[in-house]
Every structure is written in C-alpha cells, then in structure tokens.
Amino acid sequence: MDINASVALVTGANRGLGKAFAQHLVERGARKVYATSRRPELVDLPGVEVVALDITDADQVKEVTELAADVTLVVNNAGTNTWQDLVTGDLDVIRAELETHLFGTLNVTRAFAPVLAANGGGAFVNVLSAMSWFAHPGADAYHVAKAAEWALTNSVRLELAARGTQVTGVHLGLADTDMSAAIPGDRSDPADVARLTFDGVEAGAWEVLIDDWSRHIKASLAGDPQPFYDQLLAG
Ligand SMILES: NC(=O)c1ccc[n+]([C@@H]2O[C@H](COP(=O)([O-])OP(=O)(O)OC[C@H]3O[C@@H](n4cnc5c(N)ncnc54)[C@H](OP(=O)(O)O)[C@@H]3O)[C@@H](O)[C@H]2O)c1
C-alpha cells in the first residue's frame with residue numbers, strides 16, 4: 001500500500017487520533033484525504049475534504065461511499081469509551097459501545113469493501129487497543145467492544161484477501177487524547193501513533209503494535225491468566 005498514491009478516508013477525524021491520522025496522511029502526501037466526523041463543523045485541518053459521517057448510521061455510510069468513490073484506504077478510527085462495567089452498568093450504554101466499535105466499523109467495512117476492490121484492492125486500517133486483549137473493571141464494555149472489533153478485523157482480513165484488500169489492525173496502550181485523559185500512565189503522542197501505523201500499512205503488516213504495553217499484553221496471552229490479572233489489579 002503506497003500512501004502517496006492513496007485516497008484516504010478517516011473516521012472520527014475531528015479530534016484525537018483521527019485528527020492525527022488525517023494530518024499525517026496529508027503531510028505524507030496522500031492524493032486526497034476525506035476527514036469524516038459526526039460533527040464536521042469541528043474539523044479544522046488544512047488540505048482535507050470534510051465529510052459528515054456517523055458510523056452507526058448505515059444509510060449515511062452508504063451515501064458517503066457515493067461521494068467518496070475514489071477511496072483506496074479507510075481508517076476505521078472512530079470510537080468511544082463509556083466506562084461501563086458489564087454486570088452493573090447501563091445496558092443501553094453497553095449496547096451503544098458495541099454499536100460503535102463493532103457494528104459501526106462493520107457498517108463502514110461492508111460499504112467500502114466494494115469501493116476498495118473497484119479501486120485495486122486498497123486497505124482497511126482498524127484502530128484497536130491493547131484492551132482488545134485484557135479486561136479491566138471500569139472499562140469492561142470497552143474491552144468487550146474492542147475484542148469484538150479485533151475479531152472482526154481478523155475475520156474480514158480473510159474474507160477480503162481474495163479481493164486484494166489489506167487489513168491492518170493497530171493496537172496501542174495509552175495515547176494522549178481526550179479518551180485517556182483521566183488515566184494515569186505514559187502515553188504515546190498521536191503523531192507518533194500515526195507515523196508508526198502508516199509505516200506498518202506501507203510494509204503490508206497485518207498487525208501494528210505501537211508500544212511496549214501492547215507487546216507485553218499480547219505476549220501475556222500465552223500464559224495463565226490468574227497471575228497476569230493478580231499483577232494487573234495489584235498495581
Ligand atoms: N486514546 C487512547 O489511549 C486509545 C488507546 C487505544 C485505542 N484507542 C482507540 O483509538 C481510537 C480513537 O480514539 P481517541 O483516543 O482519539 O478518542 P477520542 O479523543 O475520544 O476521539 C474519538 C473520536 O471518535 C469519534 N466518534 C465516536 N463515535 C462516533 C460515531 N458513532 N461516528 C463517528 N465518529 C465517532 C468522536 O467524535 P465526537 O467528537 O463527535 O465524539 C471522536 O472524533 C478509538 O477507536 C479508540 O478506541 C485509543
């Protein structure tokens with residue numbers, strides 16, 4: 001995937017990582033960047049085409065495929081963390097979290113898969129998380145939603161391989177955005193996340209692990225979960 005030759009579309013591009021992805025794509029020389037947002041009036045990036053898009057609205061997603069029929073690279077970035085536990089949290093909010101990460105990403109994937117295929121194959125980049133791989137009380141709805149989005153990523157990669165469409169999953173711990181503002185700990189600069197992500201996309205990577213935390217969490221999956229969670233919850 002050559003970013004220079006790409007026509008990219010980024011979801012949730014008005015702030016946070018989505019804004020950094022769109023800005024990096026412009027700076028890296030993408031031919032065109034559609035910066036989409038459910039609040040397009042908040043997109044303040046030079047050099048992008050601003051498009052209204054709520055990924056949970058399947059009809060609107062379909063409309064966007066018509067005005068952005070030249071897209072070759074889709075960055076499924078839009079996301080939310082509602083801080084709900086599963087047992088005691090608000091079930092409607094838990095469902096809304098899955099509506100965003102799982103069904104919203106699936107809406108975009110189903111609508112744009114034929115567009116990418118028509119434009120030579122292209123790539124999806126799905127912004128996942130180290131939390132695809134571990135539970136944490138206080139953010140378990142997010143964990144379930146990210147785990148589901150990870151499974152979606154693995155599944156559509158296989159389903160779309162015959163069309164020549166690359167699917168890259170990106171996992172990270174904390175990045176310096178609104179979503180993680182209340183969480184203590186080291187965090188990545190969104191500009192670095194964007195650079196590492198598109199380096200991986202250009203290299204054809206199936207998965208990009210941005211930081212040591214993601215690498216540690218992924219490696220820990222091979223072991224017994226009890227000592228892992230004892231250590232995690234202790235400190
Ligand atoms: N920050 C981290 O530490 C971290 C770590 C791992 C993974 N991630 C993932 O990185 C991605 C971006 O997160 P972020 O940190 O940039 O979060 P953020 O600062 O909270 O920004 C989230 C973005 O997603 C948009 N969004 C939410 N629901 C949407 C919908 N239904 N349709 C369209 N846009 C929607 C938001 O739009 P509004 O402004 O309208 O709300 C906003 O632009 C997410 O998928 C998140 O799970 C973040």
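Order of appearance sets the numbers: ligands from 1, and atoms from 1 within every ligand. All values below come from the heavy atoms of this structure, side chains included, with hydrogens, waters and symmetry mates left out.
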If you count the atoms of ligand 1 from 1 in the order shown, which ones are under 4.0 Å from a heavy atom of Ser129?
6 (C), 7 (C)
Using the benzene-type ring in the case of Trp, are the ring centres of Trp133 and His171 under 6.0 Å apart?
yes
Any nitrogen or oxygen of Leu17, main chain or side chain, under 3.5 Å from a nitrogen or oxygen of ligand 1?
yes
What protein heavy atom lies closest to atom 36 (C) of ligand 1? Include the residue and the distance to one decimal.
Arg15 NH2, 3.9 Å
In terms of side-chain geometry, is the basic nitrogen of Asp70 or Arg31 positioned less than 4.0 Å from the acidic oxygen of its partner?
no
Heavy-atom proximity to atom 28 (N) of ligand 1, picking from His101, Met179, Arg38, His171, points to Arg38
Return a yes/no value for Gly18: is any of its N or O atoms, backbone included, closer than 3.5 angstrom to an N or O of ligand 1?
no
Has Met131 got any heavy atom lying under 4.0 angstrom from an atom of ligand 1?
no
So, does Asn76 sit close enough to ligand 1 that a heavy atom of it is under 4.0 Å from the ligand?
no
Can you give me the closest heavy-atom contact between Asn14 and Ser37, atom names plus distance?
OD1-OG, 3.0 Å
Heavy atom of the protein closest to atom 25 (C) of ligand 1 (residue, atom name, distance)
Gly12 CA, 3.9 Å
Applying a strict 4.0 Å limit to heavy atoms, is Ile55 in contact with ligand 1?
yes
Measure the distances from the heavy atoms of Lys19 to every atom of ligand 1 and state whether one is below 4.0 angstrom.
no
In terms of atom number and element, which parts of ligand 1 are under 4.0 angstrom from non-hydrogen atoms of Gly16?
16 (O), 19 (O)
Of all protein heavy atoms, the one nearest atom 22 (C) of ligand 1 is Gly79 O, 3.4 Å
Might you point out which heavy atoms bring Ala113 and Leu160 nearest each other, and give the distance in Å?
CB-CD2, 4.0 Å
Please report whether ligand 1 has a polar contact with Arg39, defined as an N or O pair separated by less than 3.5 Å (distance criterion only).
yes
Atom indices of ligand 1 within 4.0 angstrom of Asn14 heavy atoms, with elements
37 (O), 38 (P), 39 (O), 42 (C), 43 (O)
Residue Val127 vicinity, atoms of ligand 1 by number, heavy atom under 4.0 Å
9 (C), 10 (O), 11 (C), 45 (O)
Charged N to carboxylate O under 4.0 angstrom, Lys62 versus Asp59?
no
Nearest to atom 11 (C) of ligand 1 by heavy atom, Leu128, Asn77, Asn81: which?
Asn77
Test item: Gln84 side-chain N/O and Val93 main-chain N/O as donor-acceptor pair under 3.5 Å:
no
Any non-hydrogen atom of Ala175 lying under 4.0 Å from ligand 1?
yes
Any ion pair linking Glu27 and Arg195 (charged N to carboxylate O, less than 4.0 Å)?
no
Any Thr80 heavy atom less than 4.0 Å to ligand 1:
no
Would you say the side chains of Asn77 and Thr11 form a donor-acceptor pair under 3.5 Å?
no
Give the minimum heavy-atom separation between Ala68 and Val115, together with the two atoms involved.
O-CG1, 4.1 Å
Which residue owns the protein heavy atom closest to atom 31 (N) of ligand 1, what's the atom, and how far is it?
Asp54 OD1, 2.9 Å
Go through ligand 1 atom by atom and flag the ones less than 4.0 Å from a non-hydrogen atom of Asp178.
19 (O)
Taking only non-hydrogen atoms of Tyr142 and a 4.0 Å limit, the atoms of ligand 1 in range are 6 (C), 7 (C), 8 (N), 9 (C), 46 (C), 47 (O)
State, yes or no, whether a side-chain contact exists between Val125 and Gln166 at a heavy-atom distance under 4.5 Å.
no
Lys146 to His101 - nearest heavy-atom pair and separation
NZ-ND1, 3.2 Å
Nearest heavy atom to atom 15 (O) of ligand 1 wins, so pick from Thr177, Val170, Asn107, Ile183.
Thr177
Within a 6.0 Å radius of atom CZ on Phe228, are there more than 12 heavy atoms belonging to other residues, nucleotides or ligands?
yes
Could you name the option among Ala181, Gly173, Gly185 that has the heavy atom nearest to atom 6 (C) of ligand 1?
Gly173
Against heavy atoms of Thr56, which atoms of ligand 1 measure under 4.0 Å?
31 (N)
Ignoring hydrogens, what is the shortest heavy-atom contact between Thr72 and Ser6? Give both atom names and the distance.
OG1-CA, 3.4 Å
Of all the non-hydrogen atoms in the protein, which one sits nearest to atom 35 (C) of ligand 1, and at what distance?
Ala78 CB, 3.5 Å
Other residues, nucleotides, ligands: >12 heavy atoms within 6.0 Å of Asp186 CG:
no
Determine whether the aromatic ring centres of residues Tyr229 and Phe134 are separated by less than 6.0 angstrom.
no
Show me which atoms of ligand 1 lie under 4.0 Å from any heavy atom of Leu53.
32 (N), 33 (C)
